[in-house]
Amino acid sequence: MKKLVIVIFTTIFVSLFILNMFLLLTDDKVTRSIQMNEQIFAKKDDMRETLETKGIVKPGDEYSVRYKAEMGEISTVYVDEGDTVEAGSMLFSYDSSKIDRKIEKMNERQTKITGTIKELESEIIKLESEQKSSSGTLTEQEEAKRQNDAVLATSKINQKQDDIKDYELKITEMEQEISELEVEKEGLVIKSKIAGTVKEVNRVAEEDDDIVMLLQTEHPNLVEGKITEEEAVKLEEGQKALVTADVIPNKTYSGTIDRLTMIPLKPPSLEESQTIYPYIVQLTDETKKLHHGYHMNVQFVLKEREQAIIIPESAIMTDGEKEYVYIIKYGQLHKTNIVKGIQIRRDVEIVKGLKEGDRLVPNPTPFLKNKMDIFTTFDESKLSKKLNKSLKADEKALLMLKGFTN
């Protein structure tokens with residue numbers, strides 16, 4: 001049995017060798033088949049070309065609160081140096097005594113007017129009561145006097161009611177004025193616009209635009225670094241950056257170039273091969289775990305495609321201005337024109353001609369032809385143990401002779 005297998009194997013290899021030599025020596029118009037043991041697949045993935053450099057986390061942004069002379073003197077300071085504040089926390093307030101006196105006078109006037117209204121309402125009630133109190137038989141003269149008194153009383157009631165309306169209008173106007181004064185008073189209380197730490201407090205600021213307080217943002221969100229002139233020409237403000245810290249594994253921060261200052265960090269010199277420029281990246285993600293001084297790995301994104309169809313450059317052939325690949329389908333090669341997109345190192349984006357999962361010839365040669373039949377070498381090791389045991393020697397030999405077509 002073993003001798004039979006050896007004979008069969010030898011016969012197969014010799015036959016294949018002679019067949020391939022014959023085909024190579026025949027005219028190109030003859031349709032051939034070729035052994036194809038390797039293949040690759042068009043994959044869908046993100047493509048990204050980056051420029052890598054280093055950076056350091058800057059202290060948080062500083063925010064100054066300045067004195068405004070037209071608002072008066074500072075009366076109360078609510079925080080000290082080193083205190084932590086939230087956005088909306090009270091920092092200090094200007095003197096509000098003038099506004100307080102105005103509000104107090106308004107309240108006193110309101111109280112007086114309210115008392116006057118109550119007196120008028122009592123007088124109206126009394127007049128209405130007198131109108132109803134007349135009874136019994138009246139002489140003609142008395143009846144005439146009663147009617148005249150009633151007309152006068154009605155006139156007085158109407159007048160007092162009008163006076164009440166006027167006083168109520170005044171109260172409404174004063175309430176509006178008090179509300180406006182309260183808003184003005186609230187404006188004298190200066191609140192923090194950021195969450196952070198109080199770095200400096202100047203309690204005796206008296207000149208216009210003097211710094212009263214200096215605050216620093218709670219979490220730093222800036223990374224500063226330097227780049228060479230060759231790197232600088234590839235970058236611009238607003239460009240995307242991906243930032244990581246070795247001390248915070250598995251975390252990538254997104255950001256953009258906030259400042260790219262084309263002013264050298266030091267005077268340029270002919271003795272130096274490169275001029276160095278500073279940059280600042282502003283992070284857009286949550287930065288609670290970052291601290292001033294952390295060393296960061298910065299990747300500036302130069303090219304990027306999301307979910308692109310990607311193949312290696314080696315799979316592409318050129319015919320004049322056209323570019324094409326060989327797709328492996330149903331045991332044949334299919335010459336397929338493609339349109340390329342961006343290329344990052346050896347990976348090429350295909351914008352037209354391929355779809356995810358297409359099987360390709362990884363390294364095509366000029367000998368390949370459209371619709372050429374292909375076969376692959378039978379590999380016994382790739383059979384499952386169960387299937388391998390069930391096959392007879394002659395069946396295995398037949399598989400080797402035919403190969404696994406695609």
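Since this is a predicted model, take the numbers as computed values, not measurements.
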**Prompt:** Do Leu283 and Leu222 touch side chain to side chain, with heavy atoms closer than 4.5 Å?
**Reply:** no
Sequence neighbours left out, cut at 3.5 Å: what donor-acceptor pairs do the side chains of residues 242-252 make with other protein atoms?
| from | atom 1 | to | atom 2 | distance (Å) |
| --- | --- | --- | --- | --- |
| Thr244 | OG1 | Asn297 | ND2 | 3.4 |
| Asp246 | OD1 | Asn297 | ND2 | 3.0 |

**Prompt:** What distance separates Asp45 CG from Gln307 CD, expressed to the nearest 0.5 Å?
**Reply:** 6.5 Å
**Request:** Please indicate whether Lys165 has more than 12 foreign heavy atoms, meaning atoms of other residues, nucleotides or ligands, lying under 6.0 Å from its NZ.
**Result:** no
**Request:** May I ask you to check whether Glu271 and Ser269 show a side-chain donor-acceptor distance below 3.5 Å?
**Result:** yes
**Request:** Answer yes or no: is there a donor N or O on one side and an acceptor on the other, between the side chain of Thr261 and the main chain of Pro278, under 3.5 Å?
**Result:** no
**Prompt:** side-chain contact (heavy atoms from CB on, under 4.5 Å) between Thr197 and Leu215: does it pass, once the steps are laid out?
**Reply:** CA-CA 6 Å; Thr197 304; Leu215 308 178; over 6 Å; no
**Request:** Among Leu181, Ile178, Asn107, find the one that has a side-chain contact (heavy atoms from CB on, under 4.5 Å) with Lys102.
**Result:** Leu181
**Asked** Would a 4.5 Å heavy-atom cut-off, applied to side chains only, mark Val361 and Val325 as touching?
**Response** no
**Shortest non-hydrogen separation from Ile190 to Met71 and the atoms involved** = CD1-CE, 4.4 Å
**Message:** Under 4.0 Å between a side-chain nitrogen and a carboxylate oxygen: does that hold for Asp80 and Arg203?
**Reply:** yes
**Item:** Heavy-atom donor-acceptor pair, Asn158 side chain to Ser155 backbone, under 3.5 Å
**Value:** no
**Request:** Supply the atom-to-atom distance Glu70 CD to Asp208 CG, rounded to the nearest 0.5 angstrom.
**Result:** 6.0 Å
**Request:** Check whether any side-chain heavy atom of Ile257 lies under 4.5 Å from a side-chain heavy atom of Ile280, and answer yes or no.
**Result:** no
**Message:** Looking at every non-hydrogen atom in both residues, tell me the closest pair between Ile40 and Ala315 and how far apart they are.
**Reply:** CD1-CB, 3.9 Å
**Asked** Side chain of Glu224, backbone of Lys58: donor and acceptor closer than 3.5 Å?
**Response** no
**Request:** Please step through salt bridge (Lys or Arg N to Asp or Glu O under 4.0 Å) for the pair Lys303 and Glu349, ending with a clear verdict.
**Result:** CA-CA 12 Å; Lys303 298 177 184 177; Glu349 176 195 18; over 6 Å; no
**Request:** Determine, stepwise, if the pair Glu272 / Lys266 fulfils side-chain contact (heavy atoms from CB on, under 4.5 Å).
**Result:** CA-CA 11 Å; Glu272 296 178 352; Lys266 60 180 182 179; 3.1 Å; yes
**Prompt:** Rounded to the nearest 0.5 Å, what separation is found between the CE atom of Met213 and the CD atom of Glu200?
**Reply:** 11.5 Å
**Asked** Is Leu360 close to Ile327 at the side-chain level, that is, under 4.5 Å between some pair of heavy atoms?
**Response** yes
**Prompt:** With distance as the sole test, does Asn202 use its side chain to make a donor-acceptor pair with the main-chain N or O of Ile211 at under 3.5 Å?
**Reply:** yes
**Fill in**
Looking only at heavy atoms, the pair that brings Phe41 and Arg359 closest together is CE2-CG, 2.8 Å
**Message:** Within a 6.0 Å radius of atom CD on Glu321, are there more than 12 heavy atoms belonging to other residues, nucleotides or ligands?
**Reply:** no
Solution key, residues 117-126 side-chain donor-acceptor pairs under 3.5 Å, sequence neighbours excluded:
| from | atom 1 | to | atom 2 | distance (Å) |
| --- | --- | --- | --- | --- |
| Ser122 | OG | Lys118 | O | 3.1 |
| Glu123 | OE1 | Lys160 | NZ | 2.4 |

**Item:** Euclidean distance, Thr336 OG1 relative to Asn370 CG, rounded to 0.5 Å
**Value:** 7.5 Å
**Request:** Using modelled atom types only, decide if a donor and an acceptor are shared between the side chain of Thr76 and the backbone of Ser93 within a distance under 3.5 Å.
**Result:** no
**Prompt:** Measuring from Leu91:CG to Lys193:NZ, what's the distance to the nearest 0.5 Å?
**Reply:** 11.0 Å
**Prompt:** Within a strict 4.5 Å, meaning less than it, do heavy atoms of the Val351 and Lys340 side chains meet?
**Reply:** no
**Request:** Determine yes or no for a side-chain-to-main-chain donor-acceptor pair under 3.5 angstrom, with Tyr94 supplying the side chain and Lys68 the backbone.
**Result:** yes
**Request:** Would you mind checking if Glu49 and Lys234 are paired as a salt bridge, meaning a charged N to carboxylate O distance below 4.0 Å?
**Result:** no
**Request:** Scan for side chain to side chain donor-acceptor pair (under 3.5 Å) pairs involving residues 171-186, sequence neighbours excluded, and state none if there are none.
**Result:** Asp100-Lys185, Gln176-Glu180
**Asked** Would you say the side-chain atoms of Tyr167 pair up with the backbone N or O of Thr116, donor to acceptor, closer than 3.5 Å?
**Response** no
**Message:** Under a 3.5 Å distance rule, please check whether Glu237 uses its side chain to pair with a backbone N or O of Leu260 as donor and acceptor.
**Reply:** yes
**Prompt:** Got Phe92 and Val212 here, is their nearest side-chain heavy-atom distance under 4.5 Å?
**Reply:** yes
**Prompt:** If only atom types and distance count, is the side chain of Ser96 paired as donor or acceptor with the main-chain N or O of Ile99 below 3.5 Å?
**Reply:** no
**Message:** Please determine whether side-chain contact (heavy atoms from CB on, under 4.5 Å) holds for the pair Leu302 and Ile344, giving the CA-CA distance in whole Å, both sets of side-chain angles, and the decisive distance to 0.1 Å.
**Reply:** CA-CA 10 Å; Leu302 305 180; Ile344 299 177; over 6 Å; no
**Request:** Could you pull out the closest heavy-atom pair between Lys335 and Tyr324, with the gap in Å?
**Result:** CG-CD1, 3.6 Å
**Arg109, CZ atom: more than 12 neighbouring heavy atoms under 6.0 Å** = no
**Message:** Working note: Ser89 + Val79, criterion side-chain contact (heavy atoms from CB on, under 4.5 Å); need CA distance, chi angles, decisive distance, verdict.
**Reply:** CA-CA 9 Å; Ser89 297; Val79 296; 6.0 Å; no
**Message:** Quick check: do Met317 and Leu368 have side-chain heavy atoms less than 4.5 Å from each other?
**Reply:** no
**Message:** Heavy-atom count check: over 12 atoms from other residues, nucleotides or ligands less than 6.0 Å from Glu73 CD?
**Reply:** no
**Prompt:** Is the shortest heavy-atom distance from the side chain of Val201 to the side chain of Asp83 under 4.5 Å?
**Reply:** no
**Request:** Please report the shortest heavy-atom distance between Glu356 and Lys44, naming the atom on each side.
**Result:** CD-CB, 3.6 Å
**Asked** Which pair of heavy atoms, one from Met296 and one from Tyr253, lies closest together, and at what distance?
**Response** CE-CD1, 4.4 Å
**Distance in Å, Met106 CE paired with Met174 CE, rounded so as to fall on 0.5 Å steps** = 7.5 Å
**Message:** Taking atom OH as the centre, does Tyr63 end up with more than 12 heavy-atom neighbours from other residues, nucleotides or ligands that are less than 6.0 angstrom away?
**Reply:** yes
**Asked** Would you find a donor on one side and an acceptor on the other, under 3.5 Å apart, between the side chain of Asp358 and the backbone of Ala42?
**Response** no
